[in-house]
S.K.: 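Take this structure first; my questions come after.
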Amino acid sequence: MPKEIIQFDQAMFESKLDRMVREKVEQTIDLMLDAEADEIANAARYERSGDRKAFRAGHYDRHLTAKAGGLSLRIPKLKGEVFRSQVIERYRRREESVEEALMEMYMAGVSTRRVDDISQLLWGERMPPQTLSDKLKKVCEDIDEWRGRPLEGEYPYVFVDGVWHKRSWGGHVENVSVLVAIGINADGHREVIAVDEGMREDSASWEQFFRGMIERGLSGVRLVVGDRCAGLVATVNSMPPKAKYQRCMAHFMRNVLSKTPPSHREWASAALKAVFAQESREAALAKAETVAAKMETRRLKAAANCLREGIGETTTYLLSEFPVNHRTKLRTNDMIERLNREIRRRTRVVGGFPDGNSALMLVCARIRYVTANSWSDRRYMDMSRLDDNLQSAA
C-alpha cells in the first residue's frame with residue numbers, strides 16, 4: 001500500500017474553475033467594451049488623430065449578473081460622446097439569459113419566493129420584485145395575444161373542462177373555475193384553442209366561452225367531449241352547428257358506482273365495462289338496459305336510474321360517423337384531465353389569487369410551458385378516415 005494517497009478536492013476544484021471562467025469572461029467583455037469605445041471615439045487609446053471624436057475619461061465599475069456568476073466590469077467613460085454599448089444595455093444589471101432562466105423557473109411551477117432564493121444561491125444576488133413584475137407584464141401581453149389569436153382551419157373534436165382555484169371575489173375568497181378547450185385539428189394535432197375564466201361553470205359561462213371561440217373562427221366541430229356540466233350540454237346543442245356531445249365515460253362510471261354499495265361494486269364495475277366494450281351504439285344501449293334491469297333485481301335502483309339517464313350521451317362516440325380507431329380517445333376526457341393536473345401543480349403553490357386576471361395569466365403560462373414540447377407537434381389522431389365516415393353516415 002502506498003504511504004501517500006493523493007486526494008482530489010472536488011469542491012475546491014469546481015470553485016477554482018468557476019473563478020477562472022468568471023475572470024476570463026470579465027476580461028473578454030472588458031476588451032469588447034474598450035473596442036466599442038475606440039470605435040465611438042474613432043481612435044484608439046492614446047492615439048493622436050485629427051479624426052478623433054471623443055476622448056477617454058477613465059472607467060467606472062459595474063456589476064453584471066451572468067450565467068458565469070457575478071461579473072465586475074470596467075465600463076469606459078468618454079468626453080465628447082455618450083458611450084452606448086451594444087454588448088451590455090444601459091442600466092442592465094443581469095444578463096438576459098439569467099432573467100429568462102428565472103422566468104422559466106417561475107413558469108415551470110417554482111414560486112416567486114423560491115425563484116428569489118435560487119437567484120441568491122446561484123448568482124449571489126436576489127431578483128428585485130419590480131424586475132419580476134416587469135417581466136411578468138411582458139409575458140401577460142404575449143399571453144393576451146395568444147388567447148385572442150384567430151383559429152384557422154377546422155377542429156372536428158373539441159375537449160373542454162374547468163380547473164377550479166381560489167381567488168378573491170367581492171371581498172371574499174371563493175372557488176371559481178378557468179375553462180380550457182383543446183381542439184384536434186384536421187391533421188390530427190392537439191392545440192389549446194381557448195382559456196378563459198368561467199366563474200361557476202354555469203350555462204352563461206359556457207355560452208360565453210364557446211361564443212368567444214366561434215368569433216375567433218372555430219368551425220367544423222363534430223364532437224365536444226366534457227364532463228356532465230349543467231350548461232355545457234345545452235350550449236353544445238345550440239351554438240356549434242352540427243356538433244354532438246360526448247360525456248366522459250370515466251366520470252359517468254364513477255357517478256354510477258358512487259350509487260352502488262361496496263358489496264356490489266366489483267360486479268357493477270365489470271358490467272359497466274361490458275357496456276362500453278360493445279362495437280355499436282345500439283348494442284351498448286341494449287346492454288346498458290340489461291345491466292340496469294339486473295341492478296334493479298339487486299335493489300340498486302339509484303344506480304339503475306343513473307345508468308339509464310346518462311348512457312345515451314355517454315355512448316355518442318360509438319356513432320358510425322366517428323372512426324373506430326378514434327373511439328378510445330373520444331370516450332373520455334383524460335387528455336385534458338392530464339393537462340389540468342399540471343395546471344393544479346402550479347396553482348397549488350400559489351394558493352389563493354388576488355384577482356381573476358392573475359389566475360388566468362398563470363394558468364395560461366403553465367399551459368404554454370407544458371405544451372411547448374412534443375405535446376402539440378406529435379400527431380394525436382389519424383384523421384384520414386374521418387371524412388369517409390361522415391359521408392357514409394350522412
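Computed from a predicted model, the values in this text were never measured in an experiment. Just so you know, these numbers use all the heavy atoms, side chains as well, and skip hydrogens, waters and symmetry mates.
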S.K.: Of all heavy-atom pairs between Ala304 and Ala292, which one has the smallest distance, and what is that distance?
M.R.: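 Result for this residue pair: CB-O, 3.5 Å.
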S.K.: Could you tell me whether Lys329 and Asp334 have a side-chain N and a carboxylate O separated by less than 4.0 Å?
M.R.: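 Salt bridge between Lys329 and Asp334, a charged N being under 4.0 Å from a carboxylate O: no.
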S.K.: Do Glu342 and Arg338 meet the salt-bridge criterion of a basic N to acidic O distance under 4.0 Å?
M.R.: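 No salt bridge links Arg338 with Glu342.
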S.K.: Please round to the nearest 0.5 Å and tell me the distance separating atom NZ of Lys301 and atom SG of Cys306.
M.R.: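 Going from NZ on Lys301 over to SG on Cys306, the span is 14.5 Å.
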S.K.: Side chains of Glu313 and Phe252: does their closest heavy-atom pair fall under 4.5 Å?
M.R.: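 A side-chain contact is absent here, since even the closest heavy-atom pair is not under 4.5 Å.
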S.K.: Does Glu321 pair with Lys244 as a salt bridge, N-O distance under 4.0 Å?
M.R.: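 Salt bridge between Glu321 and Lys244, a charged N being under 4.0 Å from a carboxylate O: yes.
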S.K.: Please step through side chain to side chain contact (heavy atoms under 4.5 Å, CB included) for the pair Ile193 and Ile182, ending with a clear verdict.
M.R.: CA-CA 6 Å; Ile193 58 177; Ile182 299 177; over 6 Å; no
S.K.: Are the side chain of Arg281 and the backbone of Gly312 linked by a donor-acceptor contact shorter than 3.5 Å?
M.R.: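 Yes; judged by distance alone, with no hydrogens or angles, the pair exists.
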S.K.: Check the pair Met295 / Val256 against side chain to side chain contact (heavy atoms under 4.5 Å, CB included), numbers first and verdict last.
M.R.: CA-CA 11 Å; Met295 285 180 172; Val256 177; 4.0 Å; yes
S.K.: Could you tell me how the ring of Trp206 sits relative to the ring of Phe209: parallel (under 30°), tilted (30 to 60°) or perpendicular (over 60°)?
M.R.: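 Ring orientation of Trp206 relative to Phe209: perpendicular.
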S.K.: Could you state the interatomic distance from CE (Met249) to OH (Tyr317), rounded to the nearest 0.5 Å?
M.R.: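 Rounded to the nearest 0.5 Å, the CE-OH separation comes to 6.0 Å.
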S.K.: Assess the residue pair Arg149 and Glu145 against the criterion (salt bridge (Lys or Arg N to Asp or Glu O under 4.0 Å)); give the C-alpha distance rounded to whole Å, side-chain angles, the decisive distance to 0.1 Å, and a yes or no.
M.R.: CA-CA 6 Å; Arg149 72 193 186 282; Glu145 183 178 352; over 6 Å; no
S.K.: For a 4.5 angstrom cut-off between non-hydrogen side-chain atoms, does Leu386 reach Pro156?
M.R.: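 Leu386 vs Pro156: side chains touch.
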S.K.: For Trp375 and Arg190, work out which heavy atoms get closest and say how close.
M.R.: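 So the two residues come closest at O-NH2, 3.1 Å.
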S.K.: So, His326 versus Tyr157, ring centres under 6.0 angstrom or not?
M.R.: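 Aromatic pair counts; centres sit under 6.0 Å.
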S.K.: Tell me whether the count of non-hydrogen atoms from other residues, nucleotides or ligands lying under 6.0 Å of CD in Glu191 goes above 12.
M.R.: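 For Glu191, atom CD is crowded (more than 12 foreign heavy atoms under 6.0 Å).
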S.K.: Please determine whether side chain to side chain contact (heavy atoms under 4.5 Å, CB included) holds for the pair Phe55 and Arg52, giving the CA-CA distance in whole Å, both sets of side-chain angles, and the decisive distance to 0.1 Å.
M.R.: CA-CA 8 Å; Phe55 295 88; Arg52 177 183 288 275; 3.2 Å; yes
S.K.: So do the side chains of His59 and Pro76 get within less than 4.5 Å of each other, counting heavy atoms only?
M.R.: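 Contact flag for His59/Pro76 side chains = yes.
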S.K.: For a quick test of reading the model, state the closest non-hydrogen atom pair linking Gly162 to Leu179 and the distance between them.
M.R.: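 Shortest heavy-atom separation between Gly162 and Leu179 comes out as CA-CD2, 4.1 Å.
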S.K.: Please name the pair of heavy atoms, one in Ala181 and one in Met213, separated by the smallest distance, quoted to 0.1 Å.
M.R.: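 Reported closest heavy-atom pair: CB-SD, 3.8 Å.
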S.K.: Would you call Lys287 and Phe276 a side-chain contact if the rule is heavy atoms closer than 4.5 Å?
M.R.: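 Side-chain contact under 4.5 Å: no.
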S.K.: When you look at Val158 and Val225, which way does the side chain to side chain contact (heavy atoms under 4.5 Å, CB included) test go after all the steps?
M.R.: CA-CA 6 Å; Val158 175; Val225 184; over 6 Å; no
S.K.: With a 3.5 Å distance limit and no angle check, can you tell me whether Arg147 reaches the backbone of Val195 through a side-chain donor-acceptor pair?
M.R.: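 Present.
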S.K.: Of all heavy-atom pairs between Leu257 and Arg265, which one has the smallest distance, and what is that distance?
M.R.: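 Where Leu257 meets Arg265 most closely, the heavy atoms are O-NE, 3.4 Å.
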S.K.: Looking at Ser280 and Leu318, what are the two nearest heavy atoms and their distance?
M.R.: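 Closest approach of Ser280 to Leu318: O-CD1, 3.8 Å.
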S.K.: Can you tell me if Asn185 uses its side chain to pair, donor with acceptor, with the backbone of Asp187 under 3.5 Å?
M.R.: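 Yes, the answer is positive, given that a donor and an acceptor are paired below the 3.5 Å cut-off.
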S.K.: Is it true that a side-chain atom of His251 and a backbone atom of Asp227 form a donor plus acceptor pair closer than 3.5 Å?
M.R.: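 Pair absent, no side-chain N/O of His251 close to backbone of Asp227.
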S.K.: Is there side-chain contact between Arg222 and Ile184, with at least one heavy-atom pair below 4.5 Å?
M.R.: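 Arg222 vs Ile184: side chains apart.
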S.K.: Between the side chain of Gln246 and the main-chain N/O of Thr316, is any donor-acceptor distance below 3.5 Å?
M.R.: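 Present.
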S.K.: Rounded to the nearest 0.5 Å, what's the gap from CE on Met335 to CG on Asn340? Could you check?
M.R.: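 The CG atom of Asn340 is 10.5 Å from CE of Met335, to the nearest 0.5 Å.
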S.K.: Are side-chain N/O atoms of Asp382 and Asn325 paired as donor and acceptor at under 3.5 Å?
M.R.: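 Result is no, nothing qualifies.
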S.K.: CZ of Arg299: more than 12 outside heavy atoms within 6.0 angstrom?
M.R.: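 Counting neighbours around CZ of Arg299, 12 or fewer heavy atoms of other residues, nucleotides or ligands fall under 6.0 Å, so no.
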S.K.: Do Val160 and Phe210 have side-chain heavy atoms sitting under 4.5 Å apart?
M.R.: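 Yes, at least one pair of side-chain atoms sits under 4.5 Å.
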S.K.: Is the shortest distance from a Lys or Arg side-chain nitrogen in Arg308 or Glu289 to a carboxylate oxygen in the other one below 4.0 Å?
M.R.: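 Salt bridge present between Arg308 and Glu289.
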S.K.: Do you know which of Asp161, Thr371, Val163 makes side-chain contact (heavy atoms from CB on, under 4.5 Å) with Leu339?
M.R.: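 Among Asp161, Thr371, Val163, the one that satisfies the side-chain contact (heavy atoms from CB on, under 4.5 Å) with Leu339 is Thr371.
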S.K.: Roughly how far apart are Glu309 CD and Thr314 OG1, rounded to 0.5 Å?
M.R.: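 So the CD of Glu309 and the OG1 of Thr314 are separated by 10.0 Å.
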S.K.: About how many Å separate OG1 of Thr332 and CD of Glu337, when rounded to the nearest 0.5 Å?
M.R.: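 Answer for the CD-OG1 pair, Glu337 versus Thr332, is 9.0 Å.
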S.K.: Atom OH in Tyr155, atom NE2 in His189: separation rounded to 0.5 Å?
M.R.: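 Tyr155 atom OH to His189 atom NE2 measures 12.0 Å (nearest 0.5 Å).
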